[in-house]
Q: 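Just dropping this structure here.
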Amino acid sequence: MYNLSLKRIIMILAVCALGVFYSVPNFVKDPKTTLPSWWQPVNLGLDLQGGSSLLLEVDINTALKERMESLEDAARMSLKDARIRYQNISSNENGLRIRIENPNSRTKAHAPLRKMDEGLKVTEDGDTLVVNYDEQAMNNFKLKLVDQSIEIVRKRIDEYGTNEPSIQSQGYGRILVQLPGLQNPEEVKALLGKTAKMTFHLVDDSTTVLEAKRGKLKTSSRIVRGSLGEQYVIVKKAAVGGETLTDASVSFQEGRPSVSFKFNNLGAKKFGEVTKNNVGKDLAIVLDNEVISAPTIQSAITGGSGVITGNYTAETAQELALLLRSGALPAPLNILEERTVGAGLGADSIEAGIYSSIIGFIGVVVFLLLAYGLFGLFTTISVFMNLFLMLGALSFMGATLTLPGIAGIILTIGMAVDANVLIFERMREEVKHGRSIRDAIESGFTIAWATIIDSNLTTLIAAGVLFYFGSGPVRGFAVTLAVGIVTSLFTSVTVTRLMITAWYNRFKPKALPI
């Protein structure tokens with residue numbers, strides 16, 4: 001043991017050197033511009049760097065209402081195929097209501113209506129059938145709705161270019177978006193506030209807007225406002241859905257900004273058929289219930305792509321292309337809370353964290369030197385190395401450091417010496433029992449090892465539980481605590497042992513300096 005192999009020494013020194021190397025960017029001014037992307041400092045969270053925080057709520061009722069509206073046509077088709085007469089169909093977020101006066105027809109309608117979608121149930125309310133989802137299907141729908149919303153929000157934020165955003169579910173139907181470094185969230189709020197649901201509808205040329213307002217409006221059509229204040233009468237049912245879009249980008253038509261879009265194979269086929277069968281008619285492009293363009297179909301468009309023209313600037317065209325690329329939100333998002341943290345407050349938090357770390361470190365060092373002398377000095381060096389390894393590991397992982405994370409670092413400063421205290425106290429006991437210096441040192445490291453593993457493993461499990469069940473700052477604390485446990489285990493046993501071994505082999509002491 002006291003003639004460590006060269007290979008083992010090199011491995012220990014290599015790990016230490018790697019930790020120091022990856023921690024270096026944290027001490028460099030403007031590392032984002034002066035260092036390569038793979039060699040960057042720890043990311044600072046919202047509470048340290050300053051920035052904006054938005055708490056969003058998914059409008060689940062609106063999504064349910066739209067889902068039920070989409071089932072209206074399916075219900076009509078199902079009842080028609082089953083040759084069941086009905087008097088009326090209406091829908092809201094609570095389900096479909098289908099009035100069927102004939103009792104036998106009502107009973108016969110249960111089966112085809114349940115088959116429209118998985119998880120549907122049918123109940124009777126007098127002469128009306130109520131169709132909605134059962135509890136399990138409803139829960140799955142809501143969970144999927146929130147997950148899809150988080151994914152779309154993440155895509156939009158990434159496209160916008162915000163550095164190290166934090167986007168996560170918080171409570172029932174809510175999404176917490178933290179944007180470090182962003183002091184003015186207005187543009188992001190506008191970006192997230194748009195559902196960006198784009199559909200293509202044929203314009204109903206059988207009536208004018210004025211006639212439609214007077215009552216001459218088909219049940220299959222509706223009046224929609226245009227982006228410039230004008231109005232259109234369009235067919236309710238979309239000819240092509242926006243979910244088939246695969247890409248969108250800014251282009252220029254006659255020197256003016258526009259937006260080019262592409263469909264997937266299914267969308268291209270539908271778009272080709274619609275344009276082929278409706279040459280000469282107007283096709284309204286509807287974005288969030290507003291007609292942004294209504295060009296006339298000149299010929300069949302079979303290439304699976306198209307162009308949206310209008311009164312766009314380069315910025316508005318870029319914004320529309322971004323929204324279409326990232327996809328439509330499955331439901332509107334409402335902003336419940338907006339919070340801005342100033343950079344000065346974040347700097348104060350960092351300064352307080354540094355002072356706390358220094359005070360804690362000095363207290364630990366004084367205790368070690370008074371209690372264990374030379375071995376306390378070895379442990380102090382290990383604690384220094386532990387800080388470098390922690391910082392390097394967090395930088396390598398691309399972790400985000402928050403104020404609770406700093407608390408985790410301060411905690412591990414004290415925990416880093418636990419293993420050495422156990423080892424040194426064991427050495428003292430062995431010497432008292434008459435064993436030689438060499439045997440006492442050997443026993444201190446080998447016998448205390450099981451206890452060290454147990455104590456650190458239990459703390460590591462606690463950190464894992466915090467990470468799994470926690471969110472935001474709690475997870476930040478758990479990450480730094482877990483990393484600190486691993487690095488302190490390495491430094492307190494391996495690095496300290498290397499130094500004590502080198503000291504023993506060099507000086508051959510007659511007594512322990514503790």
Side-chain angles (χ1 to χ4, degrees), residues 4 8-32 34-45 48 350-369 375-421 423 452 456 459-460 463 476-503:
L4 294 176
R8 187 170 182 180
I9 294 173
I10 290 175
M11 287 180 62
I12 295 171
L13 295 178
V15 171
C16 293
L18 203 60
V20 173
F21 175 77
Y22 275 103
S23 66
V24 166
N26 295 280
F27 307 100
V28 176
K29 188 177 181 180
D30 297 328
K32 298 288 185 183
T34 58
L35 297 178
S37 59
W38 56 267
W39 195 29
Q40 290 294 319
V42 175
N43 301 307
L44 297 181
L48 298 180
I350 295 175
E351 186 177 0
I354 292 174
Y355 284 147
S356 301
S357 301
I358 292 174
I359 293 171
F361 185 79
I362 291 174
V364 170
V365 169
V366 170
F367 166 78
L368 289 172
L369 293 178
F375 281 18
L377 178 61
F378 291 156
T379 304
T380 300
I381 297 173
S382 294
V383 173
F384 259 117
M385 183 52 61
N386 178 57
L387 290 174
F388 279 112
L389 288 177
M390 281 188 65
L391 207 53
L394 293 173
S395 299
F396 178 77
M397 294 164 54
T400 299
L401 185 64
T402 59
L403 197 55
I406 291 180
I409 292 176
I410 297 172
L411 178 61
T412 55
I413 292 176
M415 294 178 60
V417 302
D418 286 352
N420 288 133
V421 169
I423 292 169
I452 294 170
N456 282 275
T459 309
L460 193 61
F477 175 79
V479 168
T480 54
L481 182 61
V483 171
I485 291 169
V486 174
T487 56
S488 65
L489 191 62
F490 172 79
T491 55
S492 60
V493 176
T494 307
V495 176
T496 304
R497 191 169 198 165
L498 177 62
M499 289 186 288
I500 292 177
T501 300
W503 167 80

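These numbers come from a predicted model, not from an experiment.
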Q: Do the non-hydrogen side-chain atoms of Asp418 and Met415 ever get within less than 4.5 Å of each other?
A: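 Result yes, sub-4.5 Å side-chain heavy-atom pair found.
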Q: Can you sort out the partners of Thr412 under side chain to side chain donor-acceptor pair (under 3.5 Å), two or more places apart, ordered by chain and number?
A: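 Expected list: none.
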Q: Would you give the length of the straight line joining atom CZ of Phe375 to atom CD1 of Ile500, rounded to the nearest 0.5 angstrom?
A: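 Nearest 0.5 Å value for the CZ-CD1 distance: 4.0 Å.
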Q: Check whether any side-chain heavy atom of Thr494 sits under 4.5 Å from a side-chain heavy atom of Arg8, and report yes or no.
A: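 No, every pair of side-chain atoms sits at 4.5 Å or beyond.
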Q: Measure across Asn420 and Ser492 and return the closest heavy-atom pair with its distance rounded to 0.1 Å.
A: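 Between these two residues, the closest heavy atoms are ND2-O, 2.7 Å.
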Q: Which pairs count as side-chain hydrogen bond (donor to acceptor under 3.5 Å, both in side chains) when at least one residue sits in residues 380-391, sequence neighbours excluded?
A: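 Matches after skipping sequence neighbours: Ser382-Thr496, Asn386-Thr487.
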Q: Looking only at heavy atoms, what is the nearest atom pair of Leu369 and Gly376, with distance?
A: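 In terms of heavy atoms, the two residues are closest at CD2-C, 4.1 Å.
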Q: Is it the case that atom CZ in Phe361 sees more than 12 heavy atoms from other parts of the structure closer than 6.0 Å?
A: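 Atom CZ in Phe361 is crowded, with more than 12 foreign heavy atoms closer than 6.0 Å.
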Q: Is any side-chain heavy atom of Phe490 less than 4.5 Å from a side-chain heavy atom of Ile12?
A: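 Contact flag for Phe490/Ile12 side chains = yes.
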Q: Can you tell me how far the CD1 atom of Ile406 sits from the CG atom of Leu411, to the nearest 0.5 Å?
A: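 Those atoms lie 13.5 Å apart.
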Q: Side chains of Val20 and Met385, heavy atoms from C-beta outward: is any pair under 4.5 Å?
A: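 Touching, per the 4.5 Å side-chain cut-off.
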Q: Leu498 versus Thr501: any side-chain heavy-atom pair under 4.5 Å?
A: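 SC-SC contact between Leu498 and Thr501 ruled out.
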Q: Between OG of Ser356 and CD1 of Ile413, what distance do you get to the nearest 0.5 Å?
A: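 Nearest 0.5 Å value for the OG-CD1 distance: 9.5 Å.
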Q: Would a distance-only check, ignoring hydrogens and angles, find a side-chain to backbone donor-acceptor pair under 3.5 Å from Asn43 to Gly398?
A: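 Side chain of Asn43 to backbone of Gly398: a pair is present.
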Q: Determine whether a donor-acceptor pair (N or O, by modelled atom type, separation under 3.5 Å) exists between the side chain of Asn26 and the backbone of Val42.
A: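 The answer is yes, because a donor-acceptor pair under 3.5 Å joins these two groups.
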Q: For a 4.5 angstrom cut-off between non-hydrogen side-chain atoms, does Val383 reach Thr491?
A: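 They are not in side-chain contact.
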Q: Looking at side-chain heavy atoms only, is the closest gap between Thr400 and Leu44 below 4.5 Å?
A: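 Result no, sub-4.5 Å side-chain heavy-atom pair not found.
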Q: To the nearest 0.5 angstrom, please state how far the CG atom of Leu35 sits from the CD atom of Gln40.
A: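 Output value for this atom pair is 6.0 Å.
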Q: Is there a donor-acceptor pair under 3.5 Å between the side chain of Trp39 and the backbone N or O of Pro31?
A: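 Judged by distance alone, no pair lies under 3.5 Å.
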Q: Distance from Ile409 atom CD1 to Phe477 atom CZ, nearest 0.5 Å?
A: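 Spacing of CD1 (Ile409) from CZ (Phe477) equals 11.0 Å.
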Q: Looking only at heavy atoms, what is the nearest atom pair of Leu481 and Ala463, with distance?
A: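 The answer is CD2-CB, 4.0 Å.
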Q: Taking the side chain as every heavy atom from C-beta outward, state whether Val479 and Met397 have any atom pair closer than 4.5 Å.
A: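 Yes; the side chains approach each other to less than 4.5 Å.
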Q: Measuring from atom CG of Asn456 to atom CG of Leu489, what distance do you get when rounded to the nearest 0.5 angstrom?
A: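 Here the interatomic distance stands at 5.0 Å.
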Q: Looking only at heavy atoms, which two atoms of Thr379 and Leu368 are closest? And how far apart?
A: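 Distance-wise, the nearest heavy atoms are CG2-CD1, 3.6 Å.
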Q: Any side-chain to backbone donor/acceptor pair from Thr480 onto Gly405? Under 3.5 Å, distance only.
A: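 Confirmed, Thr480 side chain pairs with Gly405 backbone.
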Q: Looking at every heavy atom in both Cys16 and Val495, which two are closest together, and how far apart are they?
A: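 For Cys16 versus Val495, the nearest heavy atoms are SG-CG2, 3.9 Å.
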Q: Quick one, Phe388 with Tyr22, criterion ring pair (Phe, Tyr, Trp, His ring centres under 6.0 Å). Give me CA distance, side-chain angles, the key distance, then yes/no.
A: CA-CA 9 Å; Phe388 279 112; Tyr22 275 103; over 10 Å; no
Q: Would you indicate whether Phe27, at its atom CZ, is surrounded by more than 12 heavy atoms from other residues, nucleotides or ligands within a distance under 6.0 Å?
A: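 Enclosed: over 12 neighbouring heavy atoms sit under 6.0 Å from CZ of Phe27.
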